[in-house]
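A short write-up of the structure that comes next.
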Amino acid sequence: MLRFIVNRLVFAIPTVLGVSLVIFFSMRLAPGDPAQLYLGPMATQETLAELREQLGLNQPLPVQYVTWFKQVAIGDWGQSITYRSEVLGLVWERLVSSAVLGAASFVIAVPIGLFLGILAALYRNTIVDVLAMTVAIAGISLPVFWVGLLLIVQFSLRWQWFPSSGMYSLYGDKSFWDLLRHLVLPATSLSLVPLAVIARITRSSMLDVLGQDYVRTARAKGVSPFGTVLKHTLKNALIPVITVIGLQIGYLIGGAVLIENIYAWPGIGQLLLDSITSRDYPVVVGGSLLLAVIFILANLLADVAYSFVDPRVRYS
Amino acid sequence: MKRFFLLLVIVWGPLAVAQDIPKELIVVGIEAEPTSLDPQQVTDINTMRVLSNIYDTLIHMSNEGFEPEPGIAESWEISEDGLEYTFRLRPGLTFSDGTPLDAEAVKFTFERMLDPEHPFADTGPFPFATSYFGQIKEVTAVDATTVKFILKEPFSAFLGNLSGMTGAIVSPTAVEEYGKDFASNGVGSGPFKLVSWERGSQVVLEANPDYWEGAPAQAQAIFIPIVDNLARVVALQTGQINIAVNLQPDTIAGLEADSRFKVLQQVGPHIWWVTLDVSNEYLSNKKVRQALNYAIDREAITRDILQGTGIPAYGPIPPGLAGYDPELVSYTYDPDKARQLLAEAGYPDGFSMDFWIPTSGSGMQEPVPMTTAIQGYWQEIGVTTNIQTLDWGTYLSKLAVPPKDSGYTAFELSFMLGTGEPDILLNTLLSTSQMAPKGINTGGYSNPEIDNLIAEARRATDPEQRASIYRDAAQIIIDDAPWVFVDHWKQSAAITADVQGFELTQTFLLPLHSVSRQ
C-alpha cells in the first residue's frame with residue numbers, strides 16, 4: 001500500500017510540472033497585458049514600460065519560466081500583480097474557503113446521490129426509479145446560478161432562514177454554527193450536479209452488478225433483497241462510482257465560480273476568474289498549480305479507496 | 001432568466017425583515033475586493049472608496065463645483081508665477097499609529113512615489129504618480145507645519161490632483177516598519193483606521209477619535225465585496241448591509257418603491273464616447289464625423305438601454321467640471337441632417353467601417369447593447385459598422401497600437417475624472433503631443449488651437465479664467481467631432497432608511513465620516 005502511494009506521488013511530479021508549463025505559456029501567449037490592465041486605458045507608454053520592467057515581463061518567455069520555477073522551488077510563489085501580496089498566502093486562504101464549501105457540498109451530494117442511485121436500481125422501472133432519476137436529471141440540467149438565485153429568493157429573502165452572502169456574519173463570533181448557517185444555501189446549490197452524476201452512475205453500476213449470476217444465487221439462497229443484497233452488490237458497484245466521486249472533488253473546489261459569485265463566497269474560483277481577467281499571471285499559475293495538486297491528491301485518494309473496496313486492486 | 005429572478009426579488013423583497021446589524025456598525029457592500037491599502041499603488045475607484053476613509057489629503061474638493069477646501073492643510077498660497085505652492089498644515093495632527101503628521105511626513109509621501117532613489121521607492125509600483133504629480137520638481141519641509149512644493153512648470157490641475165487618493169498622506173513610520181507589506185496594512189490619518197482585512201470577505205475599520213474634523217458618527221465601518229450586482233441588492237434587502245453601491249438598473253424602481261430603503265443617484269464626472277480614427281479616408285472629413293454625431297439618439301440610449309443610469313453627453317467635459325456648459329452648441333438627434341452632411345462630404349450612399357468594443361470594463365456601463373444601438377442608428381444613415389467584440393484585457397492591448405497597424409476605425413472608451421480636472425482628459429487624449437505611438441491619442445486628433453488652450457489653462461490660476469478657457473476648448477472639440485459623445489454615467493447607491501448623512505460625491509469616493517445610523 002505504502003509503495004503504491006509513494007509510486008503515485010512520484011508520478012504526480014511530472015504531471016504538476018506539465019500543468020505549470022501549459023498554464024504559464026498559455027497565459028502569456030494570450031493577448032492582454034497585465035501592466036495595461038493594472039494601469040487602465042489612460043496609462044502613458046512610459047509608465048507602462050516601467051511597470052513591465054518591474055514585473056519582469058520584458059524577459060523572453062523561457063527565461064521568465066525558469067525564474068519563476070527557481071523561485072517556486074524555494075517557496076516563493078511570487079507576488080500578485082493586482083493585490084501586491086504574496087501569491088501563496090492569497091491563494092491558500094481562498095483555497096481553504098473553497099475547500100470548506102466543497103466539503104459541505106460533498107457531504108450532501110455523496111450520501112444522497114448514493115442513496116438515490118441504489119434506490120433507483122433496486123426498484124428499477126417503478127415510480128421510485130422515475131422520481132429518483134428525475135431528481136438526477138434536474139440536478140444536471142438546471143443551471144447552477146439559477147438554482148442559487150432561487151434558493152436565495154426563497155430561503156433568504158422570503159423565509160429569512162439563511163443569510164444570502166458571505167462565509168461568516170460580520171459582527172458574529174465566527175462560530176461553527178455561524179459558518180453552517182452560511183454554508184447551507186451555497187453548499188446545496190453546489191451539490192446538485194455531483195449529486196445527480198453520482199446518482200446516475202450508482203444506478204447504472206448497481207444494475208450491472210445486480211444482473212450478475214452470483215446475485216441471483218444469493219437471492220436463491222434466501223438472502224433478503226435490501227439489506228444483504230446490498231452487501232453483496234454495493235461493494236462491487238462502487239468502483240466506477242468512486243472514480244466519479246474523485247473527479248467531482250476537483251469540480252467542487254475549483255469549479256464553483258458561479259456559486260462563489262452569487263453568494264459572495266471568498267473562494268478560489270472567483271479569485272482565479274478575476275486573475276485571468278486582469279492577466280494576473282502569478283496568481284493564475286500559482287492557483288492552478290495548487291488546484292492541480294489537489295486534483296491529483298483527490299484521485300490518489302480515490303485509487304486508495306478502490307483498494308479497500310476491491311481486493312484485486314490491493315494485491316496487484 | 002436573470003430578469004425573472006430580479007422580478008421575484010423585487011416582489012418578495014418587501015416581505016423580508018431586516019436582520020439586526022448593531023447600530024454602531026455601518027456596513028457597505030462594494031463591487032469588488034480592494035486591491036491594496038497603499039493609496040499610491042491604487043488605480044481603481046472601488047479601492048479608493050475604502051481608502052478615502054483610512055487616509056486624508058492636503059486638500060478636499062467640495063461636493064458642489066469642485067472648489068478646493070482645507071483638508072490636512074488649513075491654508076495655502078500660490079506664488080505669482082504659479083510655480084510655488086506653500087501649504088500650512090494643521091498643527092498637532094497624528095496618524096493612527098501615533099506618528100506626527102507633519103511636513104516631513106508629507107515630503108516622505110511624495111518623494112516615495114516620485115523619486116526612484118528614495119529608500120522606500122521599492123514599495124511600489126506607483127502607477128499614477130507621474131501623471132498626477134510629475135510636475136513636482138521639489139518638496140521641502142520648511143518647518144514642522146509648512147510644506148513647499150516647487151513645480152517644473154505652472155500646472156493649474158495641481159490642487160485638484162492633491163485631493164485624490166494618489167496624494168493621500170501615508171505614515172512614514174508604518175512604511176518603514178512594513179516595507180512591502182504596507183499594502184496589506186494601511187496606516188493613515190483619516191476618519192477611520194484599519195482593524196483588519198480578511199481578503200475576499202471584509203475590510204473592518206474603526207473610528208479614529210483624533211480626526212481633525214471630529215470623530216466619525218459610527219464606531220465601526222465594514223466594507224464587504226459582493227461582486228454580483230443582484231446579490232448586493234439582496235444583501236441590502238436581507239439586512240446584511242446598510243449601503244449598496246452601483247445598483248443594477250432593473251432593481252432601482254423596486255427599491256425606490258420600498259419605504260425601508262432610499263435610492264440615491266447622481267451624475268458623476270464621467271464620459272463615455274467613441275473615438276474616431278481621423279486618418280481614415282472617410283472619417284478625416286469633419287462633416288462625416290459630425291454626421292455620425294447627429295445620427296444617434298442619446299436620449300433613447302440613456303433612457304432605454306441604460307434605464308436612466310446615464311444622461312446624454314453633448315461634449316467632452318462632464319458635468320461639474322470647469323468648462324462644462326450645457327449651453328454649448330452641440331448635436332441633436334437629426335438623422336436627416338446627418339444624411340445631408342454625408343452627401344455633402346461626398347458619400348450619399350454611406351460607407352463601412354470597423355468598430356472595436358470591449359465586453360466590459362471599468363466605467364464602460366453596457367458596451368454591447370449600447371454599441372448595437374449605435375450601429376443601428378448609423379445604419380439608418382447608410383454607414384455600415386462591423387463590430388468586433390473583445391474581452392477587456394485583449395481590447396486594451398489592441399488599443400495601444402495605432403489604428404493603421406491594428407485595423408480599427410473606431411473604438412469606445414470611458415473615463416472618470418474624480419479630481420475634477422479636465423486637463424488629464426484633454427491633454428492625454430486630444431492633444432497633438434500625445435498622439436500615438438508616444439501617447440494614447442490613438443484617434444490622431446490634432447488641433448493646434450486646442451493645444452494652445454490646454455497650455456493656457458495650465459497656466460491660469462484664476463478658476464473663472466480656467467473655466468472659460470476649457471469652455472472654449474470644449475466648443476471647438478464639439479465642432480471638430482473627433483469623438484462621438486454618448487453619455488455621462490449616473491452613479492447610484494441604495495441605503496437603509498436609518499442611514500443619515502450619506503451623499504454620493506463628485507469625486508466618486510465614499511466618505512463615511514458624517515454618516516450615521518439612527
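Throughout, protein chains are lettered first and strands after them, A, B, ... in sequence-line order, and every chain is numbered starting at 1. Computed from a prediction, not measured in an experiment: that's the story for all the values here.
Among A:Leu55, A:Leu271, A:Thr82, the residue making the largest number of heavy-atom pairs under 4.5 Å with chain B is A:Thr82. Looking only at heavy-atom pairs under 4.5 Å with chain B, the residue among A:Ala30, A:Ala264, A:Ser278, A:Pro31 that has the most is A:Pro31.
Only the side chain of B:Ser184 comes within less than 4.5 Å of a heavy atom of chain A; its backbone N, CA, C and O stay farther away. Of the atoms belonging to B:Phe128, it is side-chain heavy atoms, and not backbone ones, that fall under 4.5 Å from chain A. With a threshold of 4.5 angstrom between heavy atoms, A:Leu39 approaches chain B through its backbone and through its side chain. With a 4.5 angstrom heavy-atom cutoff, B:Leu413 touches chain A only via side-chain atoms. Looking at B:Ser362, neither its backbone nor its side chain comes within 4.5 Å of chain A, counting heavy atoms on both sides. Looking at B:Leu429, the atoms closer than 4.5 Å to chain A (heavy atoms on both sides) all sit in the side chain, from C-beta outward. Of the two parts of A:Tyr263, neither the backbone nor the side chain holds a non-hydrogen atom closer than 4.5 Å to a non-hydrogen atom of chain B. Heavy atoms closer than 4.5 Å to chain B are found in both the backbone and the side chain of A:Gln36. In this structure, the portions of B:Ala235 lying under 4.5 Å from any heavy atom of chain A include both its backbone and its side chain. At a 4.5 Å heavy-atom cutoff, B:Gln220 makes no contact with chain A through either its backbone or its side chain. At a 4.5 Å heavy-atom cutoff, the contact between A:Leu90 and chain B is made by side-chain atoms alone.
Between A:Asp33 and B:Lys398 there is no salt bridge, since no side-chain nitrogen of the basic residue lies less than 4.0 Å from a carboxylate oxygen of the acidic one.
Taken to the nearest 0.5 Å, the NZ atom of B:Lys180 stands 6.5 Å off from the CD atom of A:Gln79. Here A:Ser165 contributes atom OG and B:Asp228 contributes atom CG; the two are 10.5 Å apart, rounded to the nearest 0.5 Å. With rounding to the nearest 0.5 angstrom, the OG atom of B:Ser201 is 7.5 Å from the CZ atom of A:Arg94. Annotation: the span from A:Gln54 atom CD to B:Phe126 atom CZ amounts to 8.5 Å, rounded to 0.5 Å. Separating the OG1 atom in B:Thr238 from the CD1 atom in A:Ile152 is a distance of 8.5 Å, to the nearest 0.5 Å. Atom CD1 in A:Ile262 sits 12.5 Å away from atom CD1 in B:Ile226 (nearest 0.5 Å).
For the pair B:Ser36/A:Tyr83, no side-chain contact is recorded, criterion being any heavy-atom separation below 4.5 Å from C-beta on.
A donor-acceptor pair shorter than 3.5 Å can be found between the side chains of A:Ser164 and B:Gln240. Judged purely by distance below 3.5 Å, without hydrogens or angles, the side chains of A:Ser97 and B:Arg199 never pair a donor atom with an acceptor atom.
A:Arg84 contributes no side-chain N or O that, together with a main-chain N or O of B:Leu37, makes up a donor-acceptor pair within less than 3.5 Å.
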